[in-house]
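Below: one structure, written as structure tokens.
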Amino acid sequence: MNIDFSLRKQIALALNESFGADITPDSLSLQPTRKEFTGTYTFVTFPFLKISKMKPEETGEIIGKYLKTDLEIVKDYNVVKGFLNLQVSDRAWIEAFSSIIHNENHGFRPSNGRRIMVEYSSPNTNKPLHLGHLRNNFLGFTVSTIYEALGYDVVKAQIINDRGIHICKSMVAWIKYGYGETPESTGVKGDKLVGKYYVAFEKQFREEVSALVNSGLTMEEAEKKAPIMLEAIEMLRKWEAREAETYALWETMNKWVYRGFEITYDHMGVTFDKLYYESDTYLSGKKIVQAGLDKGVFFKKEDGSVWIDLSADGLDEKLLLRSDGTAVYMTQDIGTAIERFMEFPDLEKLVYTVGNEQDYHFNVLFLILKKLGYSWADGCHHLSYGMVDLPSGKMKSREGTVVDADDLMDEMEQTAKQHTQDLGKIEGFNEAQAAKLYRMVGLGALKYFLLKVDPRKRMLFNPEESIQFQGNTGPFIQYTYARISALLRRAKETGIGLIMNEEASPGELHAHEREVIYLLTQFEDRINEAAGEYSPAVITQYIYDLAKEYNKFYQEVSIFGEQDEAKKQFRVSFSYAVARTIKSGMEFLGIEVPERM
RNA sequence: GGUCCAGUAGCUCAACUGGAUAGAGCAACAGCCUUCUAAGCUGUAGGUUCCAGGUUCGAGUCCUGGCUGGAUCACCA
């Protein structure tokens with residue numbers, strides 16, 4: 001039974017019968033009643049005064065009376081100005097709860113046979129992953145699991161930026177200063193080792209540039225003429241010519257990086273179904289240029305370069321092929337998008353999880369695809385997210401202010417360990433169990449912290465203040481789950497089942513119980529909302545509200561002290577439903593929940 | 001300069017897509033552990049929602065114009 005829908009259906013009937021309107025339930029919406037008023041659902045009558053031709057109070061009164069008389073689930077109503085507040089009967093709440101508790105898959109829909117692809121992570125291979133990548137990965141992964149919960153077949157993908165000048169820089173520096181170092185010989189994680197040489201390159205490069213500037217060159221000239229940069233450019237040329245030695249080194253160093261990344265991804269708990277490598281795809285899209293020219297969508301300039309004019313759409317001219325015939329980033333993205341839709345013809349959406357610094361790029365990309373006549377272009381979506389800033393501003397690798405992903409995850413676990421030990425919470429845990437808990441809590445805090453903010457907004461991370469464990473945090477939710485788990489263990493010991501009988505009648509509900517059931521009935525709507533907005537923050541907010549409300553109940557209402565067996569049974573069952581929902585929601589976020597903490 | 005995004009309590013964030021007196025957490029202060037885990041709960045204090053207009057029964061939310069911060073506009077990726 002869907003209370004929300006039943007109410008809207010009846011309201012539509014009331015409007016139609018009382019005022020001769022022609023309104024469908026779907027066009028109506030209910031909102032939660034503000035807590036200073038009595039009721040759960042509120043219907044705003046202001047928009048319907050034109051139809052009723054009455055005062056707001058009278059209109060609300062008529063609808064309210066209609067509902068109360070004809071609908072069992074409406075216990076009572078009250079009207080304040082244009083707001084009709086509806087109270088739902090406990091019987092209806094219990095029925096609604098019953099259908100939730102008996103649905104093992106509450107929140108998960110069966111497969112719908114539809115397919116989407118979500119691309120995320122997509123790192124460069126010249127340096128380790130950092131805090132920004134964490135936000136990217138957690139966002140992309142979470143959006144994927146949310147769509148999976150809705151029944152979609154989700155292809156989790158990343159395109160690894162394994163070629164280009166950046167990796168050549170690391171290669172040049174490794175040759176010059178590496179003395180044959182390898183991850184094995186140094187014990188350094190592969191991505192860290194390669195990153196070290198990238199930094200070495202930049203250092204040498206800066207020194208050369210400033211020397212050249214001192215000798216009279218402009219900055220621009222100096223950056224082009226610095227000897228080490230010339231070496232990197234030469235390296236790239238050799239790579240493109242597939243010169244054997246260069247290619248072998250490139251493969252070796254990338255392999256180091258991948259092994260390092262694997263460890264990091266594994267720690268993060270994110271996975272991929274499909275890996276694309278830029279070295280395989282960087283030439284794709286060149287073919288499409290001719291097609292675009294034939295269609296008259298693109299045009300060629302005298303020097304042979306190919307462009308598209310988007311000024312009519314409020315954008316600029318955009319280059320698609322250089323005069324020397326080589327492709328640019330945009331060309332490549334056009335090509336790979338087309339290839340993906342060829343690979344998966346039933347793909348309904350293609351979601352790119354990429355920072356908002358590339359908003360313009362994706363506007364242009366999608367627009368070009370549309371102009372080229374691909375109807376699926378409408379299914380492309382840029383999941384654009386804001387940067388993670390430090391109190392000092394942007395993270396700068398050159399200034400050494402980058403927050404490393406591995407380090408941060410380790411620190412979070414250390415902090416979790418500290419907190420747990422301070423609180424003396426691990427009685428009876430063996431070492432492995434304790435380690436597992438620290439990891440759950442530390443990572444949970446980190447993931448929750450990064451996901452609770454609306455993706456579009458930039459967010460601040462203050463390493464000094466470190467991530468909280470109280471209040472609106474991952475550990476708070478985990479803690480709520482652990483407490484309920486303790487209750488459920490006790491219930492099992494005393495022989496109380498977790499799932500109450502259909503006919504069970506706990507009698508009058510506590511206000512907190514009603515509120516929690518209301519939230520439980522909202523779960524699927526919120527999942528839909530999160531998917532539609534590509535916003536895991538909708539889920540974090542929901543679970544937080546649920547946990548918070550449950551904790552109020554926990555504080556005020558005794559379960560095992562309850563004499564009435566039906567009530568006791570209901571409360572156990574009710575707690576179980578909350579735990580299950582918390583667990584599901586956290587699962588979307590990639591956060592595990594502990595049975596004890 | 002053009003375009004896009006953001007601006008809400010001291011700090012970090014919400015506000016169900018235009019609804020009631022803008023809510024949480026952190027930090028501060030005051031309470032609650034002999035009773036299911038105090039990583040919890042309750043209370044106090046904290047606001048000209050950047051500014052100025054407009055639209056309407058109603059605006060943090062929509063429109064216009066400013067201000068501030070960020071991004072972007074390369075034959076870079």
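Note on naming: letters A, B, ... go to the chains in the order of the sequence lines (proteins, then strands), and numbering restarts at 1 for each one. Here the structure is a predicted model, which is why all the values come from computation and not from measurement. In what follows, every heavy atom counts, from backbone to side chain, and hydrogens, waters and symmetry copies are set aside.
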Using a 4.0 Å cut-off on protein heavy atoms (strictly under), produce a 5'-to-3' string for nucleotides 23-30 of chain B with B for base contact, S for backbone-only sugar-phosphate contact, and - for none. SSSS----

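- In this structure, B:U34 makes no Watson-Crick or G-U wobble pair, since no nucleotide meets both defining distances under 3.5 angstrom.
- Distance CD (A:Gln358) to C1' (B:A74): 14 Å, rounded to an integer number of Å.
- Judged by Watson-Crick or G-U wobble contacts below 3.5 Å, the nucleotide B:A39 has no partner.
- Ion pairing between a basic and an acidic side chain is recognised when a charged N comes within 4.0 Å of a carboxylate O; A:Asp4 and A:Arg8 show such pairing.
- Here B:U72 presents its C1' atom at 10 Å from CG of A:Asn356, a figure rounded to the nearest Å.
- Residue ring and base: A:Phe46 counts as stacked with B:G19 (centre distance below 5.5 Å, interplanar angle below 30°).
- Residue A:Val44 is in base contact, counting any heavy-atom pair closer than 4.0 Å across all strands shown.
- Listed nucleotides: B:A14, B:A38, B:U72. Nearest to the side chain of A:Asp454: B:A14.
- Because its glycosidic torsion is more than 90° from 0, B:C51 is reported here as anti.
- Ionic pairing of A:Lys436 and A:Glu592 is not present here: no N-O contact between side-chain nitrogen and carboxylate oxygen is shorter than 4.0 angstrom.
- Ring-plane geometry between A:Tyr518 and A:Tyr41 is classed as perpendicular, the angle between the planes exceeding 60 degrees on a 0 to 90 degree scale with a lower cut at 30.
- Looking at the side chain of A:Val80, the nearest of the listed nucleotides B:A14, B:U37, B:A20 is B:A20.
- Residue A:Lys81 places no side-chain N or O under 4.0 Å from the OP1 or OP2 atom of B:C57.
- Remark: the separation of the C1' atoms in B:U64 and B:U55 is 11 Å, to the nearest Å.
- Contact annotation for A:Arg596: base contact, defined as any heavy-atom pair under 4.0 Å involving a base atom.
- Taking atom C1' in both B:G60 and B:A74, the straight-line distance is 39 Å, to the nearest Å.
- Within the 4.0 angstrom heavy-atom criterion, no nucleotide atom of any strand lies near A:Pro56.
- Pairing of B:U55, defined by two Watson-Crick or G-U wobble distances under 3.5 Å, is not identified with any nucleotide.
- Side-chain N/O atoms of A:Arg490 include none lying less than 4.0 angstrom from OP1 or OP2 on B:U35.
- When heavy atoms are screened at a 4.0 angstrom cut-off, A:Asn85 is found touching base atoms of the nucleic acid.
- The CD-C1' distance, from A:Glu556 to B:G40, rounds to 13 Å in whole Å.
- Among the heavy atoms of the strands, none lies under 4.0 Å from A:Ser575.
- Listed nucleotides: B:A39, B:U72, B:U37. Nearest to the side chain of A:Glu357: B:U72.
- Distance from the side chain of A:Met459 is smallest for B:C13 among the nucleotides B:C13, B:U42, B:A39.
- Between the C1' atoms of B:C29 and B:A45, the separation comes to 8 Å (whole Å).
- At the heavy-atom level, A:Phe469 lies under 4.0 Å from base atoms of the strands shown.
- A:Tyr554 meets the ring-ring contact (aromatic ring centres under 6.0 Å, His included) test with no other residue; sequence neighbours excluded.
- Base pairing of B:A14 is not made with any nucleotide, judged by Watson-Crick or G-U wobble geometry with both donor-acceptor distances under 3.5 Å.
- Comparing B:C41, B:A6, B:A20 against the side chain of A:Phe83 picks out B:A20 as the nearest.
- Using the six-membered ring where Trp is involved, A:Phe205 and A:Phe201 have ring planes that are parallel, under 30° apart on the 30 and 60° scheme.
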Worked verdict on A:Trp250 versus A:Tyr277 for ring pair (Phe, Tyr, Trp, His ring centres under 6.0 Å): CA-CA 13 Å; A:Trp250 171 80; A:Tyr277 295 89; 8.8 Å; no

Show your reasoning for whether side chain to side chain contact (heavy atoms under 4.5 Å, CB included) applies to A:Thr42 and A:Leu84. CA-CA 5 Å; A:Thr42 293; A:Leu84 170 63; 5.9 Å; no

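- In this entry B:U72 has B:G2 as its Watson-Crick or G-U wobble partner, both defining distances falling under 3.5 Å.
- Distance from the side chain of A:Asn551 is smallest to B:C41 among B:C13, B:C41, B:U37.
- When each of A:Thr540, A:Leu450, A:Ile146 is tested with A:Leu589 by the rule side chain to side chain contact (heavy atoms under 4.5 Å, CB included), just one qualifies, namely A:Thr540.
- Of the residues near RNA chain B, A:His419 and A:Asn363, the one whose nearest nucleotide (by heavy atom distance) lies more toward the 5' end is A:Asn363.
- Within 4.0 Å (heavy atoms only), A:Met387 reaches no atom of the nucleic acid at all.
- Taking the C1' atom of each, B:U44 and B:U8 are spaced 22 Å apart, rounded to whole Å.
- Residue contacts shown for A:Glu223 are absent, as no nucleic acid heavy atom lies under 4.0 Å away.
- Evaluation of atom-type donor-acceptor distances gives no pair under 3.5 Å for the side chain of A:Thr480 against the base of B:A39.
- The side chain of A:Arg458 approaches B:G69 more closely than any other nucleotide in the set B:A6, B:G69, B:A20.
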Begin with the C-alpha distance, continue with both residues' side-chain angles, and end with the deciding distance and a verdict on side chain to side chain contact (heavy atoms under 4.5 Å, CB included) for A:Met459 and A:Asp389. CA-CA 6 Å; A:Met459 59 184 299; A:Asp389 288 324; over 6 Å; no

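- When distances run from any side-chain atom of A:Val441 to the nucleotides B:A6, B:A39, B:G40, the shortest one goes to B:A39.
- Nucleotides B:A6 and B:C50 are separated by 12 Å at their C1' atoms, to the nearest Å.
- Residues A:Gln555 and A:Thr42 both approach RNA chain B. Their nearest nucleotides, taken by heavy-atom distance, put A:Thr42 toward the 5′ side.
- Side-chain nitrogen and oxygen atoms of A:Arg571 include none within less than 4.0 Å of the OP1 or OP2 phosphate oxygen of B:C36.
- Checking the phosphate oxygens (OP1, OP2) of B:U72, no side-chain nitrogen or oxygen of A:Tyr360 falls inside 4.0 Å.
- Side chain A:Lys552 to base B:U42: no donor-acceptor pair is found below 3.5 Å.
- If you check B:C41, B:C73, B:A14 against the side chain of A:Gln541, the one that comes closest is B:A14.
- For A:Ile559, taking side-chain heavy atoms from C-beta onward, the closest of the listed nucleotides B:G7, B:C36, B:G69 is B:C36.
- Pairing of B:U48, defined by two Watson-Crick or G-U wobble distances under 3.5 Å, is not identified with any nucleotide.
- Aromatic ring pairs are classed by plane angle as parallel below 30°, tilted from 30° to 60° and perpendicular above 60°; the pair A:His419 and A:Phe469 is parallel.
- Looking at heavy-atom distances under 4.0 Å, A:Val364 makes no contact with the nucleic acid at all.
- With A:Arg571 contributing its side chain and A:Ser558 its backbone, the two residues share a donor-acceptor pair below 3.5 Å.
- Taking the six-membered ring where the residue is Trp, A:Tyr352 and A:Phe366 present tilted rings, their angle falling between 30° and 60°.
- Following rounding to the nearest Å, A:Asp316 (CG) and B:C4 (P) show an atom-to-atom distance of 12 Å.
- Atom name P, nucleotides B:A39 and B:A27: the rounded distance is 14 Å, in whole Å.
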